[in-house]
Number of protein chains: 2
Amino acid sequence: MFTKSEITQQKAARKGAATIARSTIGKIRGTYDQLSRTEKKVAQLALDNPGVVSEMTIKELSSATGVSTATISRFVKRMDYANYREFTMALAHMAIEDAPQVSSFPELDEGDSLSTIANKTFRYTIHSLEATNEALSEHELARAVLKLIHAKSVTFFGLGGSSIAALDGYHKFLRTSLNVAFYPDYDIQLMQAAKLGQDDCAIIISHSGRNHETLNIADELNKNGVTIIAITSYSGSPLAQAADVSFLSLTDEVNYRSEGMYSLISQLAILDSLFMMTVLRISSRTDQTLTKVRDVIEQTRHER
Amino acid sequence: MFTKSEITQQKAARKGAATIARSTIGKIRGTYDQLSRTEKKVAQLALDNPGVVSEMTIKELSSATGVSTATISRFVKRMDYANYREFTMALAHMAIEDAPQVSSFPELDEGDSLSTIANKTFRYTIHSLEATNEALSEHELARAVLKLIHAKSVTFFGLGGSSIAALDGYHKFLRTSLNVAFYPDYDIQLMQAAKLGQDDCAIIISHSGRNHETLNIADELNKNGVTIIAITSYSGSPLAQAADVSFLSLTDEVNYRSEGMYSLISQLAILDSLFMMTVLRISSRTDQTLTKVRDVIEQTRHER
DNA sequence: TTGAAAAGTGAAACTTTTTTACATATAATA
DNA sequence: TATTATATGTAAAAAAGTTTCACTTTTCAA
């Protein structure tokens, strides 16, 4: 039998585990294109039919996908589950939580009324945010914040549509004690990249993660040993590969046609999170050198 | 691999099974005092801590209760579960459904873990979007779209933090056939405002709606009879008063201290909606002059 | 291009978990 | 008290899941 406190402890432990597990479902989505050929088969079936797969034994899943049990076992471990059983549990949770979403995500239609168009747009946006949130891992966040706090300077890079996100990041972090920079022009971004060094940190934003100019900047930064934090929509993209830490702004794959629309907002939300984490972590360490959280947030209100 | 119909069948089968399983949780409760001495120990622990027990192996449950694995195995069969695994699944479901949605909207705290900070940030953001969406009225949307479609030109105005939203709006609407403009600098914004006339349309973005420079621009526009569409957080603000149509980017009042943080994303979502509505309405009217929606959205994907 | 190193994979050995068979104990009943 | 039905644990069997190892494919540098 358990004593009361033992159970309480286990509950706490489980809660932690559950949080991790949940975000790891996002991880399957997020790392999807980094998976190998066979692993994709497994991930596909699991994501498409979480309810069905959650009730399968590893052998059944093996013959359903044509992938060996060994590979499946290794796959779930790489997805950060302790074992196959924990994986199926997570799928079961997912099946429950996704189920009540009867409305799904209808495509926008020319016949829609204006408020319908607005509603759908907002729903897509919210859905992207949820997916993005789930894909964030504590580990990556910790690494990013650590780098940011200790960096001599933080420069934001982003071209085209992503320059908006970069500009926003710059604006936000201006309010911290960090030494931040942003340059709208590509050539100047590139030149500035060449001037950064090991103690500096760069935040690069790119939806596709394969824009040529953006990659030039990343190369330049890597050459100089600058820490790169990337925000992109594809974990397998060259930018994600080149980065020290990368975050994914996700959209539901079903709506692939319009994903670019919603990635900006997800990018901003990631930046918001990084900003809040940085502010809270800085203020809790060196209180007197830096403004307190509230003051910082208070300032935000006086923005135009 | 599964065929489509096989999966459908399995889904149906599962649904049936789940229904039975659920009522069988009730069965444990119902038949509780018909259970034997040892079985009661098991049932007790399972009902009291479904979440904890759902993650135990049969051996762990055995040593936790002091009942042999054999007895437990037989017990779950008598409760109509096919096997131990199905039993733990049912417990997991129970744990989820019984857990009340405590969520609400807690303040950010210095002691929060990084993923907690991120989760809270995303939740606030989503909440703001929901509030903003609800506040949109069909009537105002219709007026705005009508003005936009028939305008000779559309200029975006925004200073400070709101310049980011203005820039984003400009970027988005560039892809339409509308004649759009944006100038980052205040003085130039003001000068350009003086050059616009009755047939033009202006979209002004300001969180507070009372920034002095922004209001100067609004005055100038009003003087020339330019149609003003405002995006602000306060319906009573001078900007909202000065505008022909105004949209509100809302945040939950409870979290007044941090509202500035989330208004940008709501502003962007409003612009997204206006963009989608404009594109869909334009394309459904004059098909040959304008690119089809899909092409436009497709272009969005190739953004950097 | 080529060859070495790295990554991916399945068969099979191995471990753990769950179920069943069997022996024994306990309680109920005639 | 003998008989029978029910309960339970031990241990063997079966099933499920994990790891090892040999082989294949891919990647990357020369």
Side-chain angles (χ1 to χ4, degrees), chain A residues 1 17 21 24 27-28 31-46 52-92 210 215 218-219 222-223 235-242, chain B residues 1 17 21 24 27-28 31-46 52-92:
Chain A
M1 262 297 188
T24 314
K27 181 163 182 175
I28 297 180
T31 56
Y32 186 81
D33 42 40
Q34 283 181 332
L35 296 178
S36 66
R37 187 175 41 79
T38 50
E39 285 177 329
K40 272 182 189 165
K41 285 193 220 165
V42 179
Q44 190 72 59
L45 194 66
V52 178
V53 174
S54 77
E55 289 175 1
M56 287 179 168
T57 67
I58 199 169
K59 266 188 196 158
E60 288 169 336
L61 181 55
S62 164
S63 55
T65 55
V67 175
S68 74
T69 62
T71 300
I72 295 174
S73 178
R74 281 186 299 251
F75 165 71
V76 301
K77 296 241 160 85
R78 270 206 307 122
M79 289 293 124
D80 279 352
Y81 296 96
N83 50 43
Y84 181 77
R85 228 171 137 242
E86 196 174 278
F87 170 73
T88 55
M89 287 287 202
L91 287 180
R210 19 184 106 258
L215 291 174
D219 283 347
N222 264 331
K223 217 179 290 171
S235 63
S237 65
L239 176 60
Q241 301 298 326
Chain B
M1 264 298 184
T24 315
K27 181 165 182 175
I28 297 179
T31 56
Y32 184 81
D33 37 41
Q34 289 172 16
L35 297 177
S36 69
R37 186 176 42 79
T38 48
E39 285 176 332
K40 272 182 189 166
K41 285 193 217 164
V42 179
Q44 190 72 60
L45 193 67
V52 178
V53 175
S54 76
E55 289 176 3
M56 289 178 166
T57 66
I58 201 169
K59 258 192 202 163
E60 288 168 338
L61 182 55
S62 164
S63 57
T65 54
V67 175
S68 75
T69 62
T71 301
I72 295 173
S73 177
R74 281 187 297 252
F75 164 72
V76 302
K77 295 239 163 86
R78 279 217 290 129
M79 289 292 126
D80 277 352
Y81 295 97
N83 50 43
Y84 181 76
R85 217 165 147 250
E86 197 174 278
F87 170 72
T88 56
M89 286 289 201
L91 287 179

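In this text, all values refer to a predicted model and were calculated from it rather than measured experimentally. Within every chain, numbering begins at 1; the chains are lettered A, B, ... in the order of the sequence lines, protein sequences first and strands thereafter.
Taking side-chain N and O atoms only, B:Lys77 has no distance below 4.0 Å to OP1 or OP2 of C:dT18. Dashed line: the shortest gap from a side-chain N or O of A:Ser36 to OP1 or OP2 of C:dT9 is under 4.0 Å.
As a whole-Å value, the separation of B:Met56 CE from C:dT18 P is 12 Å. Remark: C1' of D:dA11 and CZ of B:Arg74 are 13 Å apart, rounded to the nearest angstrom. The distance from atom CZ of A:Arg78 to atom P of C:dA7 is 10 Å, rounded to the nearest whole Å. Rounded to an integer number of Å, the gap from OH of A:Tyr84 to C1' of D:dA15 is 14 Å. Taking atom NZ of B:Lys59 as the reference point, atom C1' of D:dA16 lies 13 Å away to the nearest angstrom. Separating the NZ atom of A:Lys41 from the C1' atom of C:dG10 is a distance of 12 Å, rounded to the nearest angstrom. Atom CG of A:Leu35 and atom C1' of C:dA7 are 14 Å apart (whole Å). One atom, CZ of B:Phe75, and another, P of C:dT18, lie 15 Å apart when rounded to the nearest Å.
For the atom pair OH (B:Tyr81) and OG1 (B:Thr88), the distance works out to 10.0 Å, reported to the nearest 0.5 Å. Atom CG of residue B:Leu61 and atom CD1 of residue B:Ile72 lie 4.0 Å apart, to the nearest 0.5 angstrom. The structure places OH of A:Tyr84 at 7.5 Å from CE of A:Met56, a figure rounded to the nearest 0.5 Å.
A salt bridge is defined here as a Lys NZ or Arg NE, NH1 or NH2 lying under 4.0 Å from an Asp or Glu carboxylate O, and A:Glu39 with A:Arg78 meets this definition.
Side chain of B:Gln44 to backbone of B:Lys40: no donor-acceptor contact under 3.5 angstrom is found.
Between B:Thr38 and A:Asn83, the residue anchored closer to the 5' end of DNA chain D is B:Thr38, taking for each the nucleotide with the nearest heavy atom. For the pair B:Thr71 and B:Arg85, both in contact range of DNA chain D, the more 5′-proximal nearest nucleotide belongs to B:Thr71.
Listed nucleotides D:dA16, D:dT10, C:dT19 differ in distance to A:Ile58; the shortest reach to its side chain belongs to D:dA16. Candidate nucleotides D:dG9, C:dT17, D:dG17 were compared by shortest atom distance to the side chain of A:Thr57, and D:dG17 ranks first. Side-chain proximity of B:Glu39 to the nucleotides D:dT8, D:dG9, C:dA11 is greatest for D:dT8.
Residue-level contact check: B:Thr69 touches the bases, meaning some heavy atom is under 4.0 Å from a base atom. Residue contacts for B:Ser68: at a heavy-atom cut-off of 4.0 Å it reaches a base atom on one of the strands shown.
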